[in-house]
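Each remark here refers to the structure printed beneath this line.
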Amino acid sequence: MEQYIIKGGIPLVGEIDISGAKNAALPIISAAIMSDETVTLENIPDVNDINVLLEAIEKIGARIVRVDRHTVKINGSTISECGVDLESMKKIRASYYLLGSLLGKYKKAEVPLPGGCNIGSRPIDLHLKGFRAMGVKVDLRYGNVIAGCDCMHGAHIFLDIVSVGATINIMIAASMASGRTIIENAAKEPHVVDVANFLNSMGANIKGAGTDVIRINGVEKLHGTTYSIVPDMIEAGTFMVAAAATRGDVVLRNVIPKHLEAMRAKLEEIGCEVEGGDDSLRVVAKHRLNRAHVKTQPYPGFPTDMQPQIGVLLALAEGTSIVTESIFENRFKYVDELARMGASIKVEGNTAIIDGVDKLTAAQISAPDLRAGAALVVAGLTAEGFTIVDDIGYIKRGYEDFDAKLRSLGAEIETVTSERDIQKFKLKVG
Ligand code: EPZ
């Protein structure tokens with residue numbers, strides 16, 4: 001079982017490149033099969049979720065050529081079936097984007113219903129509501145979504161909840177429906193915009209992505225394209241917090257500063273210095289940081305995917321902070337692990353009350369999910385002693401070379417698989 005071992009207390013200093021956004025690449029890869037021509041995707045992150053999805057579309061017959069770690073060619077002309085297997089769905093929820101792309105292209109799809117996950121129940125009722133509004137017959141049988149129709153038409157859809165997945169999935173399907181679809185109360189995340197830009201580069205006709213009203217005029221065919229994935233704002237935010245938590249000085253390259261405004265504002269509010277360049281951001285923290293209130297919101301608000309990371313940062317701040325999670329119902333599972341490192345946090349419903357402590361001490365902890373896992377690594381980077389993080393497979397689903405990037409900033413962190421490796425690390429770093 002792979003683990004991270006971390007010797008804490010070292011300020012992160014230096015520069016790193018941010019990878020492409022996992023949450024943009026997943027729907028874009030799913031949508032790429034809608035063309036019968038070759039689609040070349042650049043700047044894709046080399047993370048497990050991406051590799052699992054590429055396997056899933058290869059299984060239904062698409063041709064995949066991995067040019068290099070970050071570039072893939074996809075050709076959907078050889079797709080032989082419109083059913084996604086359970087194994088793929090169990091490994092990665094975002095396989096549900098294949099519902100939208102298979103419906104758009106073939107007007108039929110069969111995809112296992114995604115289960116809940118570590119952060120909440122995460123239904124897809126809004127996705128299905130959108131498909132039904134476009135004339136698709138959707139049945140739920142034996143744990144599968146079985147969807148199809150003779151002609152998928154445009155519709156005027158109002159999303160009851162701002163949902164990234166539902167916005168993107170409906171947009172993908174509507175790009176090849178006949179007629180006009182309007183999505184109201186749409187999600188505005190940068191990865192929603194990236195999917196719209198990608199589809200338009202294939203010949204789709206989508207306007208308004210990034211606002212809460214998206215208009216899609218369906219087209220008959222989508223052609224091949226070459227497209228580069230937007231930088232990952234959550235990976236960038238995670239490293240911003242790591243720089244701040246370790247009182248370091250880190251430059252993030254290959255970012256879009258506009259996407260990081262909510263994180264930047266919060267870090268400056270608690271005492272960090274943040275300098276923005278055209279495609280870079282520098283974070284400096286020279287002293288102990290101050291308390292703050294944080295409430296997660298849909299973009300452009302403070303992202304829920306950054307809630308565990310800011311929770312760790314505030315656990316070390318001066319004073320009492322309050323973090324409210326308004327998107328998911330079970331996203332404080334890192335708190336128990338953090339308490340074992342000396343943090344003082346009380347969770348009441350969807351709110352965490354955090355009394356800042358001077359320092360954290362090392363412990364053996366386990367990653368409860370992707371973002372909480374990354375946040376606990378940040379905690380280990382600050383803690384006195386040797387922290388061991390279990391279940392790092394969660395982290396590898398969404399962060400490319402996480403430990404290597406941290407090492408390039410001076411962190412003492414390694415992936416280990418045995419007690420012998422742990423002892424060797426301790427001897428090496430002393
Ligand atoms: C996407 O999940 C991201 N995942 C999540 O990132 C992210 O936390 C989330 O958006 C919010 O930004 C991917 O993009 C692969 P939602 P998604 O639909 O689309 C409820 C990570 O760490 N809802 O915006 O599933 C839902 O339960 C992951 O990278 C319904 O009720 O999120 C939640 O409470 C974690 N019915 C709220 O809406 C639906 O049909 C927002 O969910 C859909 C959603």
Side-chain angles (χ1 to χ4, degrees), residues 19-31 45 47-50 52-53 56 89 91-100 111 113-133 138 140 145 157-172 183 185-195 212 229-230 232-238 259 262-263 296-309 324-331 333-334 350 367-375 394-400 402:
S19 301
K22 164 181 81 83
N23 291 348
L26 291 169
I28 285 172
I29 288 169
S30 303
V47 296
N48 290 358
D49 271 10
I50 296 295
V52 166
L53 184 61
M89 177 54 85
K91 288 180 192 166
I92 160 177
R93 283 174 52 78
S95 311
Y96 58 46
Y97 284 130
L98 289 171
L99 267 174
V111 177
L113 259 175
C117 83
N118 307 7
I119 60 175
S121 64
R122 302 182 76 181
I124 62 165
D125 56 311
L126 296 177
H127 302 230
L128 306 184
K129 172 185 171 184
F131 298 144
R132 287 187 172 113
V138 179
L140 303 183
V145 177
I157 298 160
F158 189 95
L159 293 178
D160 310 297
I161 299 174
V162 175
S163 159
V164 168
T167 300
I168 290 176
N169 223 350
I170 293 165
M171 184 169 71
I172 289 173
I183 305 172
N185 200 24
K188 301 183 273 197
E189 273 71 2
H191 31 292
V192 173
V193 176
D194 212 36
V195 176
D212 50 10
I229 304 293
V230 72
D232 192 323
M233 61 183 259
I234 303 302
E235 183 196 20
T238 304
H259 295 166
M263 278 79 84
T296 63
Q297 295 286 346
Y299 190 87
F302 193 90
T304 175
D305 290 350
M306 281 297 303
Q307 185 263 98
Q309 296 91 315
T324 303
E325 171 56 58
S326 65
I327 309 290
F328 290 109
E329 62 266 33
N330 188 20
R331 205 163 197 177
K333 292 202 337 219
Y334 64 96
N350 67 344
D369 60 66
L370 165 59
R371 305 301 176 184
Y394 282 115
I395 301 171
K396 295 191 167 205
R397 291 183 53 179
Y399 288 90
E400 179 184 310
F402 194 45

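What you are looking at is a predicted structure, and each value in this text was computed from that prediction instead of being measured. Just so you know, ligand 1 is whichever comes first in the structure, and atom 1 is the first atom listed for that ligand. Residue numbers count from 1 along this sequence.
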Starting from [atom], which protein heavy atom do you reach first, and at what distance in Å?
atom                    : result
atom 14 (O) of ligand 1 : N23 CG, 3.2 Å
atom 18 (O) of ligand 1 : S163 OG, 2.7 Å
atom 41 (C) of ligand 1 : I327 CG2, 3.7 Å
atom 25 (O) of ligand 1 : R122 NH2, 3.0 Å
atom 36 (N) of ligand 1 : D125 OD1, 2.7 Å

Check contact between [X] and ligand 1, using heavy atoms of the residue and a distance below 4.0 angstrom.
X    : value
E235 : no
D369 : no
K22  : yes

I want to know if ligand 1 touches [X] in the polar sense, i.e. an N/O pair below 3.5 angstrom.
X    : value
R371 : yes
E329 : no
G165 : yes
L370 : no

With the side chain counted from C-beta on, respond yes when [X] and [Y] share a heavy-atom pair under 4.5 Å apart, and no when they do not.
X    : Y    : value
E329 : S121 : yes
D49  : L370 : no
I28  : I229 : yes

For [X], atoms of ligand 1 separated by under 4.0 Å from a heavy atom:
X    : answer
T304 : 8 (O), 11 (C)
I119 : 35 (C)
H127 : 40 (O)
L126 : 36 (N), 39 (C), 40 (O)
I161 : 31 (O), 38 (O)
I124 : 39 (C), 40 (O)

Can you see whether N169 engages H127 through a side-chain donor-acceptor pair at a distance of less than 3.5 angstrom?
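Note: N169 and H127 side chains meet the donor-acceptor criterion.
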Given V193 and V230, is the side chain to side chain contact (heavy atoms under 4.5 Å, CB included) satisfied, shown in steps?
CA-CA 9 Å; V193 176; V230 72; over 6 Å; no
Structural part of [X] in contact with ligand 1, heavy atom criterion under 4.0 angstrom:
X    : result
I168 : neither
D305 : side chain
R331 : side chain
V164 : both

If you look at every heavy atom in [X] and [Y], which pair is closest and at what distance?
X    : Y    : result
N118 : P368 : ND2-O, 2.5 Å
I327 : E325 : N-OE2, 2.9 Å
K22  : I50  : O-CD1, 4.2 Å
V52  : K91  : CG1-CB, 3.7 Å
H259 : M263 : O-CE, 4.2 Å
F402 : I395 : CD2-CG2, 3.7 Å

Counting heavy atoms only, which of F328, Y96, Y394 is nearest atom 26 (C) of ligand 1?
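The nearest heavy atom belongs to F328.
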Selected option - heavy-atom contact closest to atom 27 (O) of ligand 1, from P123, G398, A24:
P123
Is there a side chain to side chain contact (heavy atoms under 4.5 Å, CB included) between Q307 and Y334? Walk through the geometry before answering.
CA-CA 10 Å; Q307 185 263 98; Y334 64 96; 2.6 Å; yes
The test is side chain to side chain contact (heavy atoms under 4.5 Å, CB included); show your working for M233 and D305 and say whether it passes.
CA-CA 10 Å; M233 61 183 259; D305 290 350; over 6 Å; no
Any salt bridge between D369 and R397, counting N to O under 4.0 Å?
no
